[in-house]
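Whatever order the structure lists them in is the order used to number ligands and atoms, beginning at 1. We count residues from 1, following the sequence as given.
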Amino acid sequence: MDLSSRNTFGMKVHCRLFVEITEESDLPELDFDSLPQPVFVMGGGSNLLFTGDFPGTVLHVAIDSFPAADGSRKLRLGAGVVFDDFCAWASAEDLWGPENLSLIPGEVGASAVQNIGAYGVEAKDIIETVHAWDRQERRFVDIPAADCGYGYRTSRFKTEWKGRFIITAVTFRLSRTPRPKLDYGGVRKALEARLAAFGTEISDDSLTPRAIRGTIIGIRRQKLPDPDEIGSAGSFFKNPVISKEHFEKIVATARQDNGPGYEVPHYEVGDEIKVPAAWMIEQCGFKGERLGGAQVYPQQPLVLVNATGRAVPEDVLALRDRIIRKIERKYGITLHCEVETV
Ligand SMILES: Cc1cc2nc3c(=O)[nH]c(=O)nc-3n(C[C@H](O)[C@H](O)[C@H](O)COP(=O)(O)OP(=O)(O)OC[C@H]3O[C@@H](n4cnc5c(N)ncnc54)[C@H](O)[C@@H]3O)c2cc1C
């Protein structure tokens with residue numbers, strides 16, 4: 001089966017068998033051992049880089065149940081629901097929770113694997129329970145978010161539980177009480193500008209999930225490639241978190257390069273410092289860099305794109321390695337990939 005249209009990087013790869021399930025009850029029936037191995041569970045394919053043809057089975061959970069709101073603020077969505085459809089629905093219903101996560105590609109099931117995050121909000125902030133088929137115990141389980149080991153773009157589903165659970169649904173907790181998160185990545189400024197265009201300013205009346213969703217969509221459209229137009233898997237690297245001593249060394253290097261008084265962008269995370277990988281990539285001169293069909297996206301250097309539409313996995317991997325090596329040499333930091341290679 002051709003997977004070209006099922007991975008947002010647009011890699012032209014095949015898998016031996018593609019299985020799609022549309023009902024929870026399909027899972028106990030499925031004889032995994034009889035399928036071509038290995039079995040890989042896939043969502044919308046927006047965080048993956050296939051490095052070649054996949055020799056086994058790709059399983060997609062296409063359960064797209066989206067119940068009508070019952071006023072309980074809790075919503076159980078099928079794993080195959082498009083995550084942004086959920087964001088759009090919540091905003092339209094005036095429910096707070098996922099608005100800052102608007103326009104992140106992919107499906108509900110993967111959101112609970114990845115702990116997707118953007119603009120100061122992570123999926124873990126609104127996930128109540130993850131419902132899954134446990135391949136090991138051969139039974140359905142309900143896993144409370146507190147047991148999922150959520151961290152920055154990670155969870156137990158990506159580490160010690162890798163391959164064990166097939167997520168069939170996720171229950172989210174929403175709120176009628178305003179919970180705006182504006183102090184990250186220029187959201188407040190962009191919202192103010194958006195409201196000013198309508199002759200208003202931030203107030204209890206103007207601050208709605210819908211207004212924030214619209215603002216986030218505007219910011220993302222400026223910075224990120226639209227997967228329908230340019231292939232990518234979003235941020236290719238994670239932002240590294242380093243010690244304060246290490247950060248001081250980076251500041252010294254940056255001031256040698258850019259002059260005294262230069263400010264290195266960073267966020268404090270407890271006792272440590274998060275440095276934007278995009279900044280390092282840009283400082284190393286990679287903005288817009290091409291290798292074969294792959295490119296460092298000029299508007300957001302954290303994203304590697306399939307610039308020609310004909311990039312092969314080797315182009316992306318070679319560009320990735322070139323970036324990692326140079327940043328290691330210059331800053332003593334090894335970047336880790338957010339995108340999963342399959
Ligand atoms: C343009 C662009 C922008 C992006 N922006 C962001 C962003 O702002 N923030 C962010 O966090 N991410 C971002 N991403 C990355 C991506 O959208 C997320 O990681 C998303 O959650 C992936 O969802 P998916 O359904 O495509 O999962 P896939 O890429 O298909 O799979 C991701 C992982 O989840 C597992 N998985 C998927 N479904 C299931 C299931 N039902 N059961 C068990 N395991 C499963 C897969 O095995 C894999 O390990 C972006 C991607 C693109 C292309």
Side-chain angles (χ1 to χ4, degrees), residues 3 6-11 19-21 24 27 38-50 54 57-64 77-87 98 100-124 127 130-135 141 143 148 150-159 161-170 184-185 216-217 219-221 223-239 278 297 299-300 302-306 337-342:
L3 295 174
R6 289 191 174 262
N7 72 97
T8 56
F9 239 129
M11 292 297 143
V19 176
E20 193 153 67
I21 62 146
E24 281 197 341
L27 278 166
V39 176
F40 180 73
V41 184
M42 180 173 166
S46 63
N47 195 58
L48 307 176
L49 174 64
F50 281 97
F54 187 71
T57 305
V58 169
L59 177 74
H60 179 227
V61 181
I63 302 171
D64 59 358
L77 297 179
V81 169
V82 171
F83 192 85
D84 192 53
D85 288 351
F86 161 50
C87 298
N100 288 43
L101 304 176
S102 290
L103 219 61
I104 297 181
E107 298 174 356
V108 158
S111 73
V113 174
Q114 306 285 95
N115 185 25
I116 55 169
Y119 303 101
V121 174
E122 291 180 306
K124 73 169 173 54
I127 291 176
V130 178
H131 311 277
W133 171 251
D134 183 347
R135 287 181 63 189
V141 288
I143 310 169
C148 293
Y150 284 127
Y152 169 49
R153 300 294 181 278
T154 193
S155 70
R156 288 199 167 127
F157 299 108
K158 292 185 85 169
T159 53
W161 290 344
K162 179 87 186 148
R164 175 170 169 185
F165 294 100
I166 298 174
I167 297 173
T168 53
V170 180
Y184 202 97
I216 300 279
I217 289 176
I219 297 174
R220 291 183 69 97
R221 286 209 169 124
K223 280 175 55 175
L224 292 165
D226 178 348
D228 290 336
E229 287 167 15
I230 306 177
S232 87
S235 302
F236 202 91
F237 301 101
K238 292 186 181 183
N239 291 317
Y297 193 56
Q299 286 90 316
Q300 170 48 283
L302 197 52
V303 178
L304 304 188
V305 295
N306 180 350
C337 293
E338 190 173 319
V339 170
E340 184 176 340
T341 44
V342 185

For Thr8, the ligand 1 atoms with a heavy-atom partner under 4.0 Å come out as 53 (C)

Please indicate whether any nitrogen or oxygen in Gly44 is less than 3.5 Å from any nitrogen or oxygen in ligand 1. yes

Is there any N or O on Ser235 that sits under 3.5 Å from an N or O of ligand 1? no

Mutual orientation of the aromatic rings belonging to Tyr150 and Phe157 [parallel < 30°, tilted 30-60°, perpendicular > 60°]: tilted

Glu122 heavy atom under 4.0 Å from ligand 1: no

Taking the non-hydrogen atoms of Phe40, is any one of them nearer than 4.0 angstrom to ligand 1? yes

Using atom types as modelled and distance alone, determine if a side-chain donor or acceptor of Ser232 lies under 3.5 Å from a backbone N or O of Gly234. yes

The closest protein heavy-atom partner of atom 44 (N) of ligand 1 is Val113 CG2, 3.6 Å

Nearest non-hydrogen protein atom to atom 22 (C) of ligand 1, with distance, is Ser46 OG, 3.2 Å

Is it the side chain (CB and beyond), the backbone, both or neither of Asn47 that lies under 4.0 Å from ligand 1, heavy atoms counted? both

Return a yes/no value for Arg153: is any of its N or O atoms, backbone included, closer than 3.5 angstrom to an N or O of ligand 1? yes

Is Asn115 reaching over with its side chain to a backbone N or O of Ala123, donor-acceptor style, under 3.5 angstrom? yes

Is there a side-chain contact between Phe50 and Met42 (heavy atoms, below 4.5 Å)? yes

Looking only at atom types and distance, does a side-chain atom of Asn47 sit under 3.5 Å from a main-chain N or O of Glu338, one as donor and one as acceptor? yes

Where the side chain of Ser155 meets the backbone of Val113, is there a donor-acceptor pair that is under 3.5 Å apart? yes

Consider every N or O of Ala118 and every N or O of ligand 1, then say whether any pair is closer than 3.5 Å. no

If we only count N/O pairs under 3.5 Å, is Gly117 in contact with ligand 1? yes

Atoms of ligand 1, numbered as shown, that sit under 4.0 Å from any heavy atom of Glu107: 23 (O), 24 (P), 25 (O)

Could you walk me through whether Tyr119 and Arg220 satisfy the side chain to side chain contact (heavy atoms under 4.5 Å, CB included) test, starting with their C-alpha distance in whole Å, then the side-chain angles of each, then the deciding distance to 0.1 Å, before giving a yes or no? CA-CA 10 Å; Tyr119 303 101; Arg220 291 183 69 97; 3.9 Å; yes

Quick check: Gly43 and ligand 1, any N/O pair under 3.5 Å apart? yes

Among all residues two or more places apart in sequence or in another chain, which pass the ring pair (Phe, Tyr, Trp, His ring centres under 6.0 Å) test with Phe9? none

Pro225 and ligand 1 - part of the residue with a heavy-atom distance under 4.0 Å: backbone

Check: Gly80 main-chain N/O paired with Asp64 side-chain donor or acceptor under 3.5 Å: no

I want to confirm something. Looking only at heavy atoms, which of Ile167, Val305, Ile104, Asn115 is nearest to atom 14 (N) of ligand 1? Ile104

From the candidates Ser102, Gly45, Gly106, Pro105, the one that places a heavy atom nearest atom 17 (O) of ligand 1: Pro105

At a non-hydrogen distance cut-off of under 4.0 Å, which region of Ala233 contacts ligand 1 (side chain, backbone, both, or neither)? backbone

Arg153 backbone acceptor or donor facing Lys158 side chain under 3.5 Å: yes

Side-chain contact, heavy-atom cut-off 4.5 Å: Leu103 with Arg221? yes

Pairs of nitrogen or oxygen atoms closer than 3.5 Å, one from Val41 and one from ligand 1: do any exist? yes

Please report which non-hydrogen protein atom sits nearest to atom 23 (O) of ligand 1, along with the residue it belongs to and the distance in Å to one decimal place. Ala110 CB, 3.2 Å

Say whether Phe9 and ligand 1 are in contact under the criterion: heavy-atom distance to a ligand atom below 4.0 Å. no

Under 3.5 Å, is there a donor-acceptor pair between the His60 and Glu107 side chains? yes

Mark up the atoms of ligand 1 that fall under 4.0 Å of a heavy atom belonging to Phe165, in ascending order. 43 (C)

Nearest non-hydrogen protein atom, atom 49 (O) of ligand 1: Glu340 OE1, 2.5 Å

At what distance is the nearest protein heavy atom to atom 53 (C) of ligand 1, and which residue and atom is it? Gly234 N, 3.3 Å

Ligand 1 versus Gln300: contacting region, heavy-atom distance under 4.0 Å: neither

For the pair Asp85 (side chain) and Val81 (backbone), establish whether a donor and an acceptor sit closer than 3.5 Å, ignoring hydrogens and angles. no

Going by the closest heavy atom to atom 21 (O) of ligand 1, which one wins out of Leu48, Ile116, Leu101, Asp84? Ile116

Option with minimal heavy-atom separation from atom 8 (O) of ligand 1, where the choices are Lys223, Arg220, Lys158, Arg6: Arg220

Atoms in ligand 1 flagged as close to Lys162, the criterion being non-hydrogen separation under 4.0 Å: 49 (O)

So which bit of Gln114 gets within less than 4.0 Å of ligand 1, heavy atoms only: side chain, backbone, both or neither? side chain

For His131, does its backbone N or O pair with a side-chain atom of Thr168 as donor and acceptor, under 3.5 Å? yes

Just verifying a value: how many Å separate Phe83 CZ and Gln114 CD, rounded to the nearest 0.5 Å? 11.5 Å

My understanding is that only residues two or more places apart in sequence, or in another chain, count here; which of them pass ring pair (Phe, Tyr, Trp, His ring centres under 6.0 Å) with Tyr152? none

